[in-house]
Amino acid sequence: MNVNFAKLCRRTGGYKLAWLITLSDPDDTTTLRVVNNNADVVFGGNTYTASTFNYLPGEAVHGMDGGGTLDIVVTDNSVIDMIELYRSVKLDVVGVLVDSTVTEIQGFSHTWGSVSWDGKKASFTFEKDEKLTMTFPSILLDPSINRGNAGSMTGARLSRGNWIPAPGVTVSGPIDWVL
Amino acid sequence: MAVAWHPDVNQKAYGMDTAPMENVERVEFESGKARTFLKNTAAKKTHSFMLKMEDVGDNSEYKKFVAWWEYTLLGGALSFYFPDLIAHDGYTEYRPIGTYSATGQKWKEVSITVEEM
């Protein structure tokens with residue numbers, strides 16, 4: 001628990017929990033800063049314009065951002081231009097507590113995803129980094145293939161050439177190991 | 001986007017009702033003391049008021065208002081500037097809630113409900 005969360009819990013409720021979002025192209029040529037509030041919010045030297053949207057962060061993966069969704073109105077802003085002009089967009093989100101001051105609670109950042117839009121709103125679906133769910137090494141261990149087995153770790157079954165029979169054991173014919 | 005009020009339509013609002021807009025989000029479970037916090041940082045209000053307009057001839061004040069509402073205000077899709085209904089000083093941006101209603105013959109009594117922007 002960080003200090004901001006503790007601060008949030010002690011307060012009486014005279015605050016607004018807001019998302020500050022920055023939507024931009026990869027080169028930051030076009031930048032859109034908006035807040036889901038009915039008044040502008042200044043944070044970090046930037047003004048976030050009052051707008052309406054719904055942002056929902058995905059579940060974190062190993063402490064990293066786990067994707068998220070953003071539904072945002074497309075009227076009176078540059079969202080459609082950004083979607084049509086650029087192959088990808090960046091979304092930086094800061095969750096803040098707004099009362100007499102603006103206090104940062106948590107930040108999120110997204111890059112990969114897809115978007116669909118109509119005349120009213122654009123719906124972004126940001127995916128988590130696919131590397132976060134990769135398994136290393138990419139070998140699936142089972143009773144036949146494991147670190148304690150004499151066989152190789154390449155996924156093949158034990159070949160006869162790598163296997164030495166126990167003393168007194170006679171083996172004839174091909175071996176078909178099924179353990 | 002906000003548009004200007006029609007210059008030929010009066011701004012003498014009367015019979016005004018004012019109410020604050022709902023701005024509290026409530027967290028409450030099956031039992032326990034409910035907690036509340038703000039939906040938005042700015043407290044906004046809604047106002048209902050009336051305007052009296054003459055309606056004689058094809059180019060009457062009321063008909064100008066109707067044309068302004070339909071073609072300039074786009075039926076309420078845009079907002080407009082009107083003398084501040086609380087401070088009575090300067091102009092404030094308002095947005096219609098729903099449509100206007102009018103009663104009367106030669107003199108129309110037009111009712112409008114707006115919200116602060």
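Lettering of chains follows the sequences in order, A, B, ..., and the numbering in each one begins at 1.
- A single hydrophobic cluster is not seen to contain both B/Ile97 and B/Trp69; linkage of ILVMFWY side chains at heavy-atom distances under 4.5 Å, directly or through other members, places them apart.
- For the pair A/Asn38 (side chain) and B/Ala42 (backbone), a donor-acceptor distance under 3.5 Å is present.
- Listed for the A/Asn37 side chain is a donor-acceptor partner under 3.5 Å among the backbone atoms of B/Thr41.
- For the pair A/Lys16 and B/Lys39, the tightest heavy-atom approach, listed with the atom from each and the gap, is NZ-O, 2.6 Å.
- Annotation for B/Gln11: atom CD counts as buried by contact number, over 12 foreign heavy atoms lying within 6.0 Å.
- Scanning residues 44-57 of chain A against chain B with a 4.5 Å non-hydrogen threshold yields no residues.
- Side-chain heavy atoms closer than 4.5 Å link hydrophobic residues (I, L, V, M, F, W, Y) into clusters, and following such links, possibly through other members, connects B/Phe82 to B/Leu78.
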Give every donor-acceptor pair under 3.5 Å between a side-chain atom in residues 84-97 of chain A and any protein atom, sequence neighbours left out.
residue : atom : partner  : partner atom : Å
A/Tyr86 : OH   : A/Thr30  : OG1          : 3.2
A/Lys90 : NZ   : A/Asp28  : OD1          : 3.1
A/Asp92 : OD1  : A/Ser109 : OG           : 2.8

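- Clustering of Ile, Leu, Val, Met, Phe, Trp and Tyr by side-chain heavy atoms under 4.5 Å joins B/Tyr81 with B/Tyr91.
- Cluster annotation: B/Val9 is connected to B/Leu85 through the hydrophobic network of ILVMFWY side chains, with a link wherever side-chain heavy atoms come within less than 4.5 Å.
- For residues 101-117 of chain B, the set of pairs meeting the salt bridge (Lys or Arg N to Asp or Glu O under 4.0 Å) definition, not counting sequence neighbours, comprises B/Asp55-B/Lys108, B/Arg95-B/Glu115.
- The nearest pair of heavy atoms linking B/Phe37 to A/Tyr15 is CB-O, 3.7 Å.
- Other residues, nucleotides and ligands place more than 12 heavy atoms under 6.0 Å from the OH atom of B/Tyr14.
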